[in-house]
Amino acid sequence: MSSPTEHPSSSQKSAQDKPAQNALEAAGIDPAAMSQPLHSDFDNGRWFPTWRPYKGDLDRDPVGINEYLPPSKSVLLGVQHTFAMFGATVLAPLLMGFDPNLAILMSGICTVMFFMITGGRMPSYLGSSFAFIGPVIAVTAYAGAGFNDNLSVALGGIMACGIVYALIGLLVMKTGTGWIERLMPPIVTGAIVMIIGLNLAPVTIQGVSANQFDAWMATLTVLLISGVAVFTRGMLRRLLLLVGLILSYVAYFVMTNVLGFGTAIDFSGVAAASWFGLPTIHTPSFEMSAIILIAPVAFILVAENLGHFKAVEGMTKARVTPYMGRAFFADGLATTFSAGFGGTGVTTYAENIGVMAVTKVYSTTIFVVAGLVAILLGLSPKFGAIIQTIPAALLGGASIVVFGLIAIAGAKIWIDNHIDFSKNSNLIIAAVTVIMGTGNFSLHLGGFDLGGIGTATLAAIVLNVLFNKGSDKNADTSAAAK
């Protein structure tokens with residue numbers, strides 16, 4: 001994407017874009033089928049786009065995917081992206097009993113991997129995925145506090161999920177995204193995203209109901225995070241989880257360590273931890289029961305990231321759809337890599353897409369900087385020890401907000417795509433999927449438990465194939481008639 005200040009004539013642009021058009025056709029990509037106009041810098045037929053220095057006005061002009069800023073501005077914007085992902089990337093491993101410091105380190109490494117594999121064409125940050133929480137808790141019987149003693153079993157399942165996801169990416173690179181969009185239209189993706197949040201609600205509530213002090217502190221956490229979300233603006237609002245947790249942490253410290261209510265925060269681990277060092281590596285083990293339960297999360301990640309990549313394309317006005325297969329493959333490979341060392345499964349982050357929407361800076365080089373900052377934080381055991389002092393009640397309060405937002409995000413997919421609920425097919429798909437997922441209805445294949453989210457995801461896809469199989473054909477016929 002060239003600088004927004006440059007405006008070549010139509011004949012010049014046609015001449016510039018002709019080589020790119022030929023390159024795309026040679027690669028088996030139909031330029032006429034793409035929603036965005038050809039651009040010779042971005043669609044140059046090579047693995048990486050043609051990089052250009054940004055020459056516009058940051059107060060007025062967006063920064064393109066293949067444009068780069070001076071180092072000082074790149075560092076500041078990269079740190080901002082690191083903070084944007086921080087709350088969720090730390091919260092997810094804590095809810096599963098993983099090492100949050102290792103999760104941060106892996107998120108940084110995986111983000112740099114993603115940049116390389118996608119050829120710097122997809123501006124995204126890879127952080128801990130919440131889609132794994134339900135299956136991991138089911139597989140490991142995690143109690144919700146402290147280290148997960150059955151972590152290795154979960155890691156094996158997550159690695160298998162990453163491999164399935166990477167294979168889907170290779171298939172998309174070969175065949176295109178059309179079949180995925182037909183298999184998982186918005187009625188299906190909205191339902192799947194919704195049940196990720198609703199399925200975890202009972203576990204979350206039980207975790208903060210052990211005693212009334214914890215219940216009140218969880219409620220205070222919900223109120224503080226909600227207050228940041230509603231009453232602040234700009235970057236502070238983007239950091240609602242981080243800021244809300246910090247405020248609730250201070251309140252908890254005063255109530256316990258100062259006033260003597262509840263269990264005081266123990267800082268002895270922080271004092272003993274060193275400033276720099278490698279986090280503990282954990283080795284996966286492979287059990288078929290865990291693999292069967294966790295591997296289907298790959299389809300949830302496909303549905304989630306499909307929406308993210310479409311949002312990126314809409315914001316950047318760059319044609320990223322042809323590179324979606326690379327992105328799926330990169331995310332799958334990164335998930336496998338992360339779990340191989342004891343980290344969580346990873347996914348592209350809506351939080352960082354939101355930061356791009358506000359800043360209008362879409363340069364993928366910024367995400368490399370964000371990844372490097374995360375790697376530095378992950379290599380500090382003292383930083384990890386501070387994270388481990390966060391009380392379970394505060395994590396439970398944050399979980400109520402996070403899982404609620406995930407559920408509502410599913411409804412937003414339906415609203416944004418104008419899903420017609422006057423059609424009985426859409427009503428049945430949504431109703432059955434949501435109740436199955438929320439109630440944790442689970443089918444067994446032989447001796448294997450699909451879990452509530454896995455069963456509901458499978459139901460949504462099958463019901464859509466059965467009930468809406470003629471909708472695409474009818475839509476094409478209507479469009480042709482017009």
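Here the structure is a predicted model, which means the values were calculated and not measured.
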Undergrad: Within a strict 4.5 Å, meaning less than it, do heavy atoms of the Met116 and Phe48 side chains meet?
TA: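 Heavy-atom side-chain distance check passes, below 4.5 Å.
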Undergrad: One pair to check against side chain to side chain contact (heavy atoms under 4.5 Å, CB included): Met173 and Phe328. What are the steps and the verdict?
TA: CA-CA 9 Å; Met173 289 171 69; Phe328 289 153; over 6 Å; no
Undergrad: Check whether any side-chain heavy atom of Leu372 lies under 4.5 Å from a side-chain heavy atom of Ile375, and answer yes or no.
TA: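 Side chain of Leu372 against side chain of Ile375, heavy atoms only: contact under 4.5 Å found.
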Undergrad: Quick one: CH2 on Trp179 to OG1 on Thr175, what's the gap to the nearest 0.5 Å?
TA: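 Between Trp179 CH2 and Thr175 OG1, I get 6.0 Å after rounding to 0.5 Å.
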Undergrad: Please test Thr348 against Ser124 for side-chain hydrogen bond (donor to acceptor under 3.5 Å, both in side chains), starting from the C-alpha separation and ending with a verdict.
TA: CA-CA 6 Å; Thr348 58; Ser124 295; 5.1 Å; no
Undergrad: Apply side-chain hydrogen bond (donor to acceptor under 3.5 Å, both in side chains) to Thr347 and Ser129, showing your working.
TA: CA-CA 5 Å; Thr347 185; Ser129 172; 5.0 Å; no
Undergrad: Which distance, rounded to the nearest 0.5 Å, do you find between the CD1 of Ile158 and the OG1 of Thr336?
TA: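 Ile158 CD1 to Thr336 OG1: 10.0 Å, rounded to 0.5 Å.
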Undergrad: Looking only at side-chain N and O atoms, does Thr89 offer a donor or acceptor that is under 3.5 Å from a partner on Tyr349?
TA: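 Their side chains do contain a donor-acceptor pair, which is all the 3.5 Å distance test asks for.
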Undergrad: Scan Ile168, Val302, Ile117, Val346 and name whichever one has a side chain to side chain contact (heavy atoms under 4.5 Å, CB included) with Asp331.
TA: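 So the option named by the test is Val346.
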Undergrad: Any non-hydrogen side-chain atom of Thr280 less than 4.5 Å from a side-chain atom of His282?
TA: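 SC-SC contact between Thr280 and His282 confirmed.
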Undergrad: Would you indicate whether the side-chain heavy atoms of Pro279 and Phe341 approach each other to under 4.5 Å?
TA: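 No. Closest side-chain heavy atoms not under 4.5 Å.
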Undergrad: Identify the heavy atoms of Val434 and Trp414 that sit nearest to each other, and give their distance.
TA: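 Closest heavy-atom pair between Val434 and Trp414: CG2-CH2, 4.2 Å.
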Undergrad: Pairing donors with acceptors under 3.5 angstrom, does anything connect the side chains of Tyr252 and Thr221?
TA: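 There is no such pair between these side chains.
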Undergrad: Roughly how far, to the nearest 0.5 Å, is CG of Leu155 from OG1 of Thr140?
TA: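 Reported value, rounded in 0.5 Å steps: 10.0 Å.
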Undergrad: I need the Phe132 CZ to Phe98 CZ distance, nearest 0.5 Å.
TA: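 These two atoms lie 9.0 Å from each other.
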Undergrad: For the residue pair Ile225 and Val228, establish whether any side-chain heavy-atom pair is separated by less than 4.5 Å.
TA: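 No. Closest side-chain heavy atoms not under 4.5 Å.
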Undergrad: Quick check: closest heavy atoms across Ala460 and Ile429, and the distance to 0.1 Å?
TA: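 Shortest heavy-atom contact: O-CG2, 4.2 Å.
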Undergrad: For the residue pair Ala456 and Met436, what are the closest heavy atoms and their distance?
TA: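 The answer is CB-CB, 4.0 Å.
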Undergrad: Ignoring hydrogens and angles, tell me if any N or O in the side chain of Asp214 forms a donor-acceptor pair with the backbone of Ala393 under 3.5 Å.
TA: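 No, Asp214 side chain to Ala393 backbone: no donor-acceptor pair under 3.5 Å.
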Undergrad: Can you name the nearest heavy-atom pair linking Gly127 to Ser107, along with the distance?
TA: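 Nearest pair, atom of Gly127 first, then Ser107: CA-CB, 4.2 Å.
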Undergrad: Would you say the rings of Phe115 and Phe367 are close, in the sense that their centroids are separated by under 6.0 Å?
TA: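 For Phe367 and Phe115, the ring centres are not under 6.0 Å apart.
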Undergrad: For the CD1 atom of Ile428 and the OG1 atom of Thr433, what is their distance to the nearest 0.5 Å?
TA: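 One gets 10.0 Å once the value is rounded to the nearest 0.5 Å.
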Undergrad: From Leu377 CG over to Ser380 OG, what is the distance, rounded to the nearest 0.5 angstrom?
TA: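 Leu377 atom CG to Ser380 atom OG measures 7.5 Å (nearest 0.5 Å).
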Undergrad: Applying side chain to side chain contact (heavy atoms under 4.5 Å, CB included) to Tyr165 and Asn305, what does each step give before you reach the verdict?
TA: CA-CA 11 Å; Tyr165 190 16; Asn305 288 319; 2.7 Å; yes
Undergrad: So is Arg121 actually on top of Trp47's ring, under 6.0 Å and inside 45° of the axis?
TA: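 Verdict for Trp47: no cation-pi partner in Arg121.
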Undergrad: Can you name the nearest heavy-atom pair linking Ser128 to Thr344, along with the distance?
TA: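 So the two residues come closest at OG-OG1, 3.0 Å.
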Undergrad: Kindly say whether Thr335 contributes a backbone atom to a donor-acceptor pair with the side chain of Ser338 at under 3.5 angstrom?
TA: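 Side chain of Ser338 to backbone of Thr335, a donor-acceptor pair under 3.5 Å: no, none is there.
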Undergrad: Which is it for Val361 and Ile366 under the side chain to side chain contact (heavy atoms under 4.5 Å, CB included) test, yes or no, and what are the steps along the way?
TA: CA-CA 8 Å; Val361 177; Ile366 301 299; 4.0 Å; yes
Undergrad: Can you see which heavy atom on Asn426 is nearest to which on Asp420, and at what distance?
TA: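 What the structure gives for the nearest pair is ND2-O, 2.9 Å.
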Undergrad: Is there a side-chain contact between Asn150 and Val139, using heavy atoms and a 4.5 Å cut-off?
TA: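 In short, these two side chains do not touch, never coming nearer than 4.5 Å.
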Undergrad: One pair to check against side chain to side chain contact (heavy atoms under 4.5 Å, CB included): Thr457 and Ile461. What are the steps and the verdict?
TA: CA-CA 6 Å; Thr457 298; Ile461 293 173; 4.2 Å; yes
Undergrad: Backbone N or O of Gly343 within a donor-acceptor pair of the Asp99 side chain at under 3.5 Å?
TA: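 Not confirmed, Asp99 side chain does not pair with Gly343 backbone.
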Undergrad: Using a 4.5 Å cut-off on heavy atoms from C-beta on, say whether the side chain of Tyr323 contacts that of Thr118.
TA: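 Result no, sub-4.5 Å side-chain heavy-atom pair not found.
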Undergrad: Does a side-chain heavy-atom distance below 4.5 Å link Ile187 with Phe421?
TA: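 Answer yes - side chains close enough.
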